[in-house]
Every structure is written in structure tokens, then in C-alpha cells.
K.L.:
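What follows is a structure written as C-alpha cells; I'll ask about it next.
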Amino acid sequence: QVQLVESGGGQVQTGGSLNLSCAADRRTFKGYAMAWFRQAPGNEREFVAAISWNAGSTFYSESVTERFIITRDNANYILSLQMNNLKPEDAAVYYCAASRRIGTPTSSDQYSYWGQGTQVTVSS
């Protein structure tokens with residue numbers, strides 16, 4: 001069982017930055033592709049960014065590319081999401097997720113393990 005715990009959410013103004021972290025179970029983190037998803041009230045959960053198990057590849061949704069950066073520290077079992085130039089439409093609960101799939105899966109049903117989420121609020 002992979003345990004994931006997100007942190008780093010909060011409230012920022014438009015144009016601000018936040019860095020989200022996800023602490024993973026060290027026994028399995030290295031073998032999993034990891035991703036960030038988000039869900040705003042009334043919306044479905046949507047893909048944000050993914051990174052392969054060895055950090056060899058990353059993939060971003062069009063709405064966040066060139067603003068967000070996903071990284072992973074396999075030595076310390078930490079997944080991160082640096083979010084820059086935040087917009088009101090980025091406000092959501094952000095979840096980290098782990099998948100045994102190869103590469104950078106983008107569909108939520110490809111991910112087996114999920115964290116509890118961290119709230120990001122962006123004020124205009």
C-alpha cells in the first residue's frame with residue numbers, strides 16, 4: 001500500500017507562487033509514476049502533471065504548461081509541484097497520485113493510490 005500525504009497548499013494572490021509537496025511511502029515510491037490532479041467545486045478531477053518513475057519524462061496539461069513544474073526526489077520520496085503565475089482558475093484541491101503504469105499516465109483511472117488533497121486558493 002502506497003501512502004501519500006500532500007502539503008503546501010494555501011491562499012495566494014493572482015500571479016503568486018506555491019510549492020506543493022507529496023510525501024510518499026518509501027518502500028514503493030521509486031517504482032511508481034507520480035502525478036498531480038486537481039478538483040474544483042462542481043468539476044471533475046482533472047490531470048495537471050505527471051512524472052515517470054525515474055524522472056526521465058514529464059507531461060503537463062495545456063492549462064499549466066510553462067507555469068508549473070513537477071519534480072521528484074527518489075532519495076527522499078518526495079513529489080513536488082512548483083506552481084508559478086497562479087490564476088484564479090487554478091484554485092482547487094490538489095491531489096498527488098501513484099501509478100504502476102510506464103511513462104506519464106494522464107487518466108485518473110490509471111492511478112491506484114491517492115493522497116487526501118491540499119487546498120489551493122487564488123484570489124484576484
Side-chain angles (χ1 to χ4, degrees):
Q1 179 99 17
V2 176
Q3 293 183 333
L4 305 172
V5 180
E6 302 96 335
S7 62
Q11 182 172 351
V12 295
Q13 292 186 332
T14 297
S17 298
L18 279 176
N19 189 29
L20 305 183
S21 294
C22 174
D25 185 296
R26 60 186 179 180
R27 293 171 294 179
T28 53
F29 180 73
K30 289 184 179 181
Y32 285 77
M34 301 294 295
W36 291 95
F37 287 78
R38 67 187 182 188
Q39 187 169 18
N43 292 352
E44 294 185 354
R45 190 169 297 188
E46 66 170 346
F47 170 79
V48 175
I51 187 166
S52 61
W53 72 272
N54 63 351
S57 60
T58 58
F59 189 78
Y60 298 88
S61 72
E62 188 173 339
S63 63
V64 307
T65 190
E66 297 186 3
R67 297 189 298 123
F68 291 10
I69 301 171
I70 187 171
T71 57
R72 65 187 297 160
D73 179 349
N74 281 352
N76 293 296
Y77 317 105
I78 299 290
L79 175 73
S80 298
L81 184 69
Q82 177 65 40
M83 305 187 296
N84 301 317
N85 190 21
L86 283 160
K87 305 175 180 181
E89 53 263 41
D90 294 318
V93 177
Y94 282 71
Y95 299 90
C96 68
S99 171
R100 273 295 196 185
R101 299 292 186 99
I102 296 173
T104 53
T106 61
S107 176
S108 60
D109 60 9
Q110 295 174 304
Y111 287 81
S112 302
Y113 303 101
W114 295 83
Q116 82 290 349
T118 186
Q119 178 72 52
V120 171
T121 303
V122 184
S123 57
S124 57

K.L.:
Taking only residues two or more places apart in sequence or in another chain, which ones pass side chain to side chain contact (heavy atoms under 4.5 Å, CB included) with T71?
P.N.:
I69, S80
K.L.:
Mind checking the CD-OG spacing from E44 to S108? Nearest 0.5 Å is all I need.
P.N.:
8.5 Å
K.L.:
With sequence neighbours excluded, tell me which residues meet side chain to side chain contact (heavy atoms under 4.5 Å, CB included) with Q116.
P.N.:
V5, E6
K.L.:
In the structure I gave you, are the side-chain heavy atoms of F68 and L86 within less than 4.5 Å of one another anywhere?
P.N.:
yes
K.L.:
Side chain to side chain donor-acceptor pair (under 3.5 Å) with S107: which residues, sequence neighbours excluded?
P.N.:
D109
K.L.:
Partners of T121 by side chain to side chain donor-acceptor pair (under 3.5 Å), sequence neighbours excluded?
P.N.:
none
K.L.:
Would you give the length of the straight line joining atom CD1 of I51 to atom CH2 of W36, rounded to the nearest 0.5 angstrom?
P.N.:
12.0 Å
K.L.:
Looking at residues at least two apart in the chain, or sitting in another chain, which of them share a side chain to side chain contact (heavy atoms under 4.5 Å, CB included) with A23?
P.N.:
I78
K.L.:
How many angstroms lie between atom OG1 of T118 and atom CG of L18, to the nearest 0.5 angstrom?
P.N.:
8.5 Å
K.L.:
Sort and list the pairs that fulfil disulfide bond (SG atoms under 2.5 Å apart) and have at least one residue in residues 77-108, not counting sequence neighbours.
P.N.:
C22-C96
K.L.:
First locate atom CG of N76, then atom CZ of F29, and finally report the distance between them rounded to the nearest 0.5 Å.
P.N.:
9.5 Å
K.L.:
Taking the side chain as C-beta and beyond, is there a heavy-atom pair between R38 and V64 under 4.5 Å?
P.N.:
yes
K.L.:
Distance check, rounded to the nearest 0.5 Å: N74 atom CG versus K30 atom NZ?
P.N.:
6.5 Å
K.L.:
Using side-chain contact (heavy atoms from CB on, under 4.5 Å), reason through V120 and L20 one step at a time and then give a plain yes or no.
P.N.:
CA-CA 9 Å; V120 171; L20 305 183; 4.1 Å; yes
K.L.:
Which residue pairs pass the salt bridge (Lys or Arg N to Asp or Glu O under 4.0 Å) test with at least one member in residues 60-69, sequence neighbours excluded?
P.N.:
R67-D90
K.L.:
Under the rule for salt bridge (charged side-chain N to carboxylate O under 4.0 Å, His left out), what residues qualify as partners of R45, not counting sequence neighbours?
P.N.:
none
K.L.:
Test your reading of the model: is there a side-chain donor-acceptor pair from R72 to the backbone of S52, 3.5 Å cut-off?
P.N.:
yes
K.L.:
For N43, enumerate each residue passing the side chain to side chain donor-acceptor pair (under 3.5 Å) test, keeping only those at least two apart in sequence or located in another chain.
P.N.:
none
K.L.:
Is there any disulfide bond (SG atoms under 2.5 Å apart) pair reaching into residues 35-82, and which pairs are they, with sequence neighbours excluded?
P.N.:
none
K.L.:
Let's go through Y77 and L4 carefully: what are the C-alpha distance in whole Å and the side-chain angles of both, what is the deciding distance for side-chain contact (heavy atoms from CB on, under 4.5 Å) to 0.1 Å, and is it a yes or a no?
P.N.:
CA-CA 10 Å; Y77 317 105; L4 305 172; over 6 Å; no
K.L.:
On a heavy-atom basis, which atom in P88 and which in S124 lie closest, and how many Å separate them?
P.N.:
CG-CB, 4.2 Å
K.L.:
Of all heavy-atom pairs between Y94 and V48, which one has the smallest distance, and what is that distance?
P.N.:
CE2-CG2, 4.2 Å
K.L.:
What residues join F37 in its hydrophobic cluster, counting side-chain heavy atom gaps under 4.5 Å, either direct or through other members?
P.N.:
F47, F59, V93, Y95, Y111, W114
K.L.:
Please give me the minimum heavy-atom distance between A33 and R101, naming the atom from each residue.
P.N.:
CB-O, 3.6 Å
K.L.:
Give a yes or no on whether the backbone of Q110 and the side-chain of S99 come within a donor-acceptor separation of less than 3.5 Å.
P.N.:
yes
K.L.:
Only pairs at least two apart or in different chains count here, so list each side chain to side chain donor-acceptor pair (under 3.5 Å) that has a residue in residues 10-19.
P.N.:
S17-N84
